[in-house]
Participant: 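Before anything else, here's the structure in question.
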Amino acid sequence: MSATEATEPTEAAQQRTPLRAKQRLGDIVFSRAALISGSAILLILALVAIFLVAQSLPAVVADPGDFIGKPASLWDYVWPLVFGTLWSATLALVMALPLAIGIALFISHYAPRRLAQLLGYIIDLLAAVPSVVYGLWGIGVLAPAVLPAYQWLTENLGWIPFFAGPVSGTGRTILTAAIVLGVMILPVMTAICREIFLQTPVLHEEAALALGATRWEMITMAVLPFGRPGIISGAMLGLGRALGETMAVAMVLSPQAIITFALLQSANPNTIAANIALSFPESYGVNVNLLIFTGLVLFLITLAVNSIARYIVNRRKDFSGAN
Amino acid sequence: MTATQAPAGITNSLTQGRLHPRTPWVILGLSLTAAAGIVSLISASTDSAFSLVGTVALGALFYLVMVVVISRQVEGSRQATDRFVTALVTGAFLVAMTPLVSLLFTVVVNGSARFDVQFFTSSMRNVVGEGGGAIHAIVGTLLMTGTAAIISIPIGLLTAIYLVEYGRGPLARAITFFVDVMTGIPSIVAGLFAYALFALFFDPGIRMGFAGAIALSVLMIPVVVRSCEEMLRVVPNELREASYALGVPKWLTILNVVLPTSAAGIATGIMLSIARVIGETAPLLIVAGFSQSMNYNLFADRMQSLPVFVFTSYSIQGVDTQAYLDRAWAGALTLILIVMLLNLIARLIARFFAPKLGR
Amino acid sequence: MSKRIEVNDLNVYYGKFKAVEDVTMVIEPRSVTAFIGPSGCGKSTFIRTLNRMHEVIPGAYVEGQVLVDGDDLYGPGVDPVLVRRQVGMVFQRPNPFPTMSIRDNVLAGVKLNNRRISKTDADDLVEKSLRGANLWNEVKDRLERPGSSISGGQQQRLCIARAIAVEPEVILMDEPCSALDPISTLAIEDLIEELKQNYTIVIVTHNMQQASRVSDKTAFFNIAGTGKPGKLIEYDDTSVIFSNPSVKDTEDYVSGKFG
Amino acid sequence: MSKRIEVNDLNVYYGKFKAVEDVTMVIEPRSVTAFIGPSGCGKSTFIRTLNRMHEVIPGAYVEGQVLVDGDDLYGPGVDPVLVRRQVGMVFQRPNPFPTMSIRDNVLAGVKLNNRRISKTDADDLVEKSLRGANLWNEVKDRLERPGSSISGGQQQRLCIARAIAVEPEVILMDEPCSALDPISTLAIEDLIEELKQNYTIVIVTHNMQQASRVSDKTAFFNIAGTGKPGKLIEYDDTSVIFSNPSVKDTEDYVSGKFG
Amino acid sequence: ANEGEAPEETGASLSGTLVGAGSSAVGAAQESWIAAFQTANPDVTVSYDPTGSGAGRETFAGGGSDFAGTDRAFNDEELNGGVEFVGCAPDSGIVQLPLYISPIAVIFQLEGIDSLNMTADVIAGIFAEQITNWNDPAIAALNEGVELPDLAITPVHRSDDSGTTENFTDYLAQAAPSVWTYEADGVWPLDSGEAAQGTSGVVDAVTNGTGTIGYADASRAGDLGTVSVGVGDEFVPFSPEAAAAVVDASPFVEGRADYDLSIELARDTTESGVYPVVLVAYLVACETYTDPAKAELVKAYFTYMASPEGQADAQAGAGSAPISAALFERVTAAIEVIGAAE
Ligand SMILES: Nc1ncnc2c1ncn2[C@@H]1O[C@H](COP(=O)(O)OP(=O)(O)OP(=O)(O)O)[C@@H](O)[C@H]1O
Ligand SMILES: Nc1ncnc2c1ncn2[C@@H]1O[C@H](COP(=O)(O)OP(=O)(O)OP(=O)(O)O)[C@@H](O)[C@H]1O
Ligand SMILES: [Mg+2]
Ligand SMILES: [Mg+2]
Ligand SMILES: O=P([O-])([O-])[O-]
């Protein structure tokens with residue numbers, strides 16, 4: 001950095017100069033604390049990973065005949081769960097993300113200010129509804145409410161594979177579970193999108209408006225590009241929750257060990273987390289390892305999904321607008 | 001560009017091609033009326049009940065089509081797009097609010113049956129059937145979530161600060177990446193992990209509130225990091241530079257400039273993270289156990305929490321099922337109210353620090 | 001292509017605070033009008049009411065009338081979007097879109113009205129606008145870089161390029177040159193001279209020389225004290241304002257001829 | 001209280017891009033030195049290296065030496081914080097802290113460092129600094145209002161007040177007046193005149209008159225073309241630069257005497 | 001305000017804590033037992049984690065709890081070295097007592113119909129999805145005079161691994177072997193049908209659907225229609241007595257110690273007045289504990305649970321069937337074995 005060795009200051013100069021201060025204690029403490037916290041996360045994660053791998057190994061080497069449901073192989077057991085996990089989370093995200101962006105925009109740029117604050121508050125509150133309650137609501141209110149619509153869909157649009165019959169008799173299908181998941185992750189995603197949208201520099205909004213942009217054009221020019229990393233972050237948080245949600249899915253879904261894209265039938269693919277919740281209480285021996293192995297798989301799925309998201313965010317980092 | 005529109009005797013060329021402000025409302029009214037007519041015709045011919053949902057959905061569709069078509073004719077395609085999106089955004093909002101309001105409504109209606117003094121003064125110790133309360137679960141939830149928050153918020157916030165203010169290079173990338181991964185740990189796995197960790201150091205029958213707090217922390221930390229990181233990043237560099245230029249060291253800049261500027265966002269983020277874990281059932285059932293009695297000690301014995309209370313009240317009902325269900329819903333309502341209170345506090349704190357925007 | 005602006009008894013408020021009081025003036029088409037006055041006297045506030053940009057600020061509203069070629073800007077049913085398409089604006093602080101490339105920044109406003117602009121047309125327009133803002137040579141090799149990757153002065157010129165690319169009928173400029181070096185400033189002044197053949201131009205400036213060089217008419221605003229509203233003190237031909245103003249305050253202000 | 005700055009063979013880089021090349025100059029204490037030059041020539045970049053503010057930008061670094069009273073700013077173990085406390089800075093764009101009141105903004109240098117100050121001392125300091133920046137009369141009644149609630153020009157003066165409140169030994173100003181009206185500009189110039197009794201002042205300006213009015217020495221920077229580094233072309237007494245420069249480029253630049 | 005109530009003077013001298021874990025089916029009964037036992041012994045705290053039978057057995061075997069509740073007894077393989085009981089004294093056996101007997105009701109939701117008669121074959125046919133409509137002749141033949149709708153049957157089973165399912169499929173396999181060709185299993189063996197979590201989930205699914213049928217602990221049948229099960233020539237509605245009767249009609253598993261009262265349920269019995277669709281849950285304790293105080297506590301708690309008062313409390317709180325006098329004697333004898341290593 002500097003080519004100053006030649007002019008090493010004299011002893012006297014060093015005394016005179018107040019520039020050469022001791023390393024600042026606050027800075028050291030603060031940056032170390034931050035560093036240690038970051039490392040603590042790595043440590044915790046390493047521990048979790050070690051735990052998952054160590055506890056999974058017995059399942060990998062075990063005879064599949066000992067597993068619940070007697071699958072032909074380990075993958076036969078895991079694969080439908082992987083499918084169900086990704087499928088339900090995707091459905092949830094596809095339904096919830098546009099809505100979340102819509103609500104966030106409504107609050108940040110459409111609603112009157114007073115109303116917006118109130119709405120923001122209500123949405124935040126909903127982020128706190130425990131998953132058990134979502135489960136209760138899903139069983140008691142949502143499933144019966146959507147059943148007529150499902151019947152209508154199978155009768156009239158049954159030729160579309162997604163809506164193929166026979167329709168479930170209780171409405172507790174993967175679509176219902178995905179709706180519950182969507183509703184669950186909606187508040188989190190909305191809250192993050194809203195905060196980011198509100199932070200859009202006024203300068204940029206004004207720039208767009210002064211060019212004669214309509215409100216929507218202003219949003220596409222200034223708000224959404226600025227909020228893009230935040231939207232992706234929020235979506236990832238939501239997706240993480242949807243992928244890992246346990247209780248609500250376990251309570252609402254009518255699962256089977258199958259792979260199907262049909263949305264409205266009684267037999268639905270199960271998710272990894274819900275399957276753990278359903279099977280764990282009665283499992284013992286190698287089946288516990290099996291379930292933990294599925295947990296490891298979920299872990300890896302999340303890893304992959306997040307890597308993709310990060311890649312997308314970083315690809316246009318120069319254009320992020322973050323300073 | 002717009003000068004192509006001939007004034008043609010209209011008094012104000014700027015209003016030309018502009019719908020009257022009341023027009024959309026008229027269209028909406030017409031759409032709903034038309035939809036109601038069609039739906040009632042259908043329901044009369046098929047002998048089914050009049051569907052309000054169908055009416056609203058059909059009406060919304062009519063409105064969308066009509067407003068776009070009319071606006072396109074009168075105002076041009078850009079305004080039509082704007083109106084379309086406005087309708088869509090508002091619609092998205094209403095659609096999304098429906099389940100959320102239904103949910104809140106369900107909880108409030110069902111929860112009010114047992115929302116009484118006894119519920120907040122007694123535990124379930126020695127209670128069979130009716131009566132009893134959830135004070136033990138409330139205390140447990142507050143203790144465990146509080147401890148998890150005390151562990152997670154500093155770690156999470158400091159990590160976010162590290163990532164935004166200090167972190168460069170491979171370590172920061174690794175942390176960012178693994179925090180993402182952590183957001184995907186299923187809650188039940190966090191519970192199993194905490195159990196395995198504590199079983200290493202204690203006997204296999206170990207159940208304690210603190211272990212529950214650890215499990216919750218594993219779930220909470222990534223949410224804190226992710227949301228706080230996002231909020232810190234939008235603090236303009238100009239402010240940091242202004243502070244550095246005054247000879248303020250970095251840590252004081254972060255503490256006195258960056259954090260207060262993003263306080264509202266951080267408060268929201270922390271609220272989200274608390275909300276994320278305060279409703280967790282599965283991990284607590286595994287490591288904190290299940291108890292009917294009050295326990296103030298985080299480091300010994302089973303500790304009940306509200307979600308576990310709600311879940312077990314629902315799933316393990318005795319003969320008097322209604323009493324169990326009522327308690328379950330009252331527990332859910334209590335949980336939501338607790339979060340509401342925390343939210344309120346967070347907002348007050350945030351308002352205290354928040355940028356005084358007057359521009 | 002250019003418009004006459006008539007302002008009648010205009011008051012501008014920020015919530016309860018009256019920032020500008022009782023302005024009445026006529027701005028002729030194909031002319032350059034300069035607003036001068038001490039800081040805080042409401043020049044920015046007033047100029048923003050000429051294309052309804054003040055509405056972006058919560059709580060801001062006006063009383064009175066602004067007529068553009070006889071059409072009331074604040075009449076019922078007037079679309080601010082339409083207003084702003086005809087009355088363009090350049091701001092005090094450069095505000096390029098950081099998520100767009102330099103090229104896209106220039107084209108941002110154009111694409112709104114004309115989505116399917118051909119690549120060659122777009123290229124031509126980009127070059128023309130950037131040349132107009134005296135930026136072309138500096139950025140022609142990095143048109144695809146982010147709009148925020150250039151120096152402050154370059155950014156401001158980019159914003160001017162963006163505003164003139166849409167060819168509005170009136171151009172409002174709020175201290176457009178305050179971040180520019182003399183060469184760029186000269187280029188912008190030349191540009192203004194050129195644009196005034198076709199457009200109506202309003203410019204806020206702190207620079208007396210600039211005002212006297214570029215403007216045909218000058219409006220002097222002043223403020224009686226803090227918390228008081230800004231007022232239009234004198235509005236006349238630039239030569240009159242600078243050589244022979246009729247109000248004492250104006251003379252005091254312009255006689256400190258420097259800046 | 002004032003310092004002599006010596007710059008030897010300084011190159012400044014943004015990552016791989018060399019923005020400023022090979023600058024060598026001596027800035028005398030108790031003097032005002034002005035940097036002039038076209039936009040993008042690296043004036044801001046260079047002035048930021050004088051208090052190590054460039055380090056805030058990721059990837060920015062210098063080669064060479066900057067000596068302040070013989071102490072190398074870039075020597076091992078030098079604390080940039082202490083450097084910046086001695087070498088203050090005012091930016092091109094006003095950047096008051098939005099979370100703080102006007103009063104707290106002025107006291108920011110004190111308060112952010114968690115230093116205690118008695119109420120009366122604080123009041124005195126606030127008044128003195130605001131007066132120095134010619135802002136006192138405008139804001140004395142609303143010291144508790146947020147720092148972002150005043151006009152752009154007022155904000156910039158607030159930032160100057162904030163910088164002088166910490167009484168640094170060198171003050172760097174990057175186009176401090178570009179957002180100011182003549183009256184405020186005059187006040188700042190007077191202030192510079194006054195401060196130079198005790199401080200070393202470096203100012204970037206696009207305003208030739210300003211440079212010639214306030215500065216003792218002037219440095220002219222130029223850039224050969226885009227992507228090329230900026231260079232120090234000529235550095236001499238202000239009178240020499242403006243009346244009889246030895247380099248042709250300098251003459252060309254200053255002869256367009258306006259701005 | 002029930003915490004910290006001044007303990008009544010009961011003269012009880014017991015104190016300490018007792019920890020159990022296991023079957024959620026026993027959960028409600030445990031609530032009743034714990035409440036009554038703690039009331040009688042104010043210095044005692046008993047807790048029971050309703051984490052599930054499998055987890056309960058693992059916890060108990062690993063020494064994590066003092067006793068277990070489980071939907072099935074430890075089997076021969078596990079007892080003969082397959083599982084090590086870490087929490088018990090070395091070489092200790094375990095006491096397995098069928099203290100919780102509960103009828104499983106076959107519940108359905110049909111408007112206006114409270115009760116239907118069905119043989120094991122019909123029930124198996126419905127759950128195997130061979131009988132798919134409520135107006136199927138096989139059902140109609142057994143229910144003369146009942147107006148059966150033309151409505152698809154939606155059978156609902158448990159989505160979780162459960163003792164209720166294991167007992168129910170065991171009944172189907174034993175009583176209708178020609179129709180139900182699957183083995184008894186805690187996991188539903190078919191890939192079709194509606195599934196729901198836990199007893200509550202099944203009850204909710206059946207209640208909220210139409211034409212639904214499921215199986216659940218009888219105490220939760222509520223207002224739903226229930227099936228009278230064909231045994232021999234008669235149709236028996238569920239009742240505690242009828243459920244207890246099947247236990248009495250069944251032999252104990254052979255080759256076990258005297259204090260291991262595992263029962264081989266005879267679901268195919270044709271004896272009159274017997275309701276064969278029952279769930280029997282075992283409470284499991286060590287024969288020998290290392291800690292005498294613990295042994296004393298376990299003994300007292302088990303004695304209470306087995307006692308007529310204890311069984312009555314469970315019936316009141318959880319709707320279970322009290323054990324018969326004959327079983328009570330065997331149980332009492334077994335509990336006597338519980339003690340501590342010297
Ligand atoms: N953060 C940065 N990263 C990369 N390059 C930069 C950065 N900031 C400035 N530059 C480049 O460095 C060069 C010098 O920029 P600088 O801002 O110092 O110019 P300047 O002389 O201050 O111009 P102006 O008069 O417009 O303020 C320019 O080419 C600019 O594009
Ligand atoms: N968003 C706002 N809310 C409330 N008051 C405001 C707002 N913006 C400006 N003001 C006030 O309105 C008055 C006029 O401000 P304005 O920005 O128009 O001044 P100006 O003449 O443009 O000054 P400058 O030359 O410094 O840019 C000032 O007193 C200012 O404090
Ligand atoms: Mg202004
Ligand atoms: Mg600069
Ligand atoms: O007791 P179960 O819940 O497993 O039937």
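In what follows, chains are A, B, ... by sequence order, proteins preceding strands, each numbered from 1.
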Participant: Looking at every non-hydrogen atom in both residues, tell me the closest pair between B:Thr147 and B:Ala213 and how far apart they are.
Facilitator: CB-CB, 3.7 Å

Participant: Determine whether more than 12 heavy atoms belonging to other residues, nucleotides or ligands lie under 6.0 Å from atom CE of D:Met25.
Facilitator: yes

Participant: Quick one: of D:Asn51, D:Val166, D:Val90, D:Val56, who has the most non-hydrogen atom pairs under 4.5 Å with chain B?
Facilitator: D:Val56

Participant: Check whether more than 12 heavy atoms from other residues, nucleotides or ligands sit under 6.0 Å from atom NZ of D:Lys18, and answer yes or no.
Facilitator: yes

Participant: For D:Ala60, is there any backbone N or O sitting under 3.5 Å from a side-chain donor or acceptor partner on D:Glu55?
Facilitator: no

Participant: Heavy-atom distance under 4.5 Å to chain B: side chain of D:Pro58, backbone, both or neither?
Facilitator: side chain

Participant: Between D:Glu6 and D:Arg4, does at least one N-O distance fall below 4.0 Å, as a salt bridge requires?
Facilitator: yes

Participant: Name the region of D:Phe97, side chain, backbone, both or neither, that has any atom closer than 4.5 Å to a heavy atom of chain B.
Facilitator: both

Participant: So is D:Lys3 actually on top of D:Tyr199's ring, under 6.0 Å and inside 45° of the axis?
Facilitator: no

Participant: Among all residues two or more places apart in sequence or in another chain, which pass the salt bridge (charged side-chain N to carboxylate O under 4.0 Å, His left out) test with D:Arg84?
Facilitator: none

Participant: With a strict 4.5 Å heavy-atom criterion, list every residue of residues 157-165 of chain D that contacts chain B, or say none.
Facilitator: D:Arg162, D:Ala163

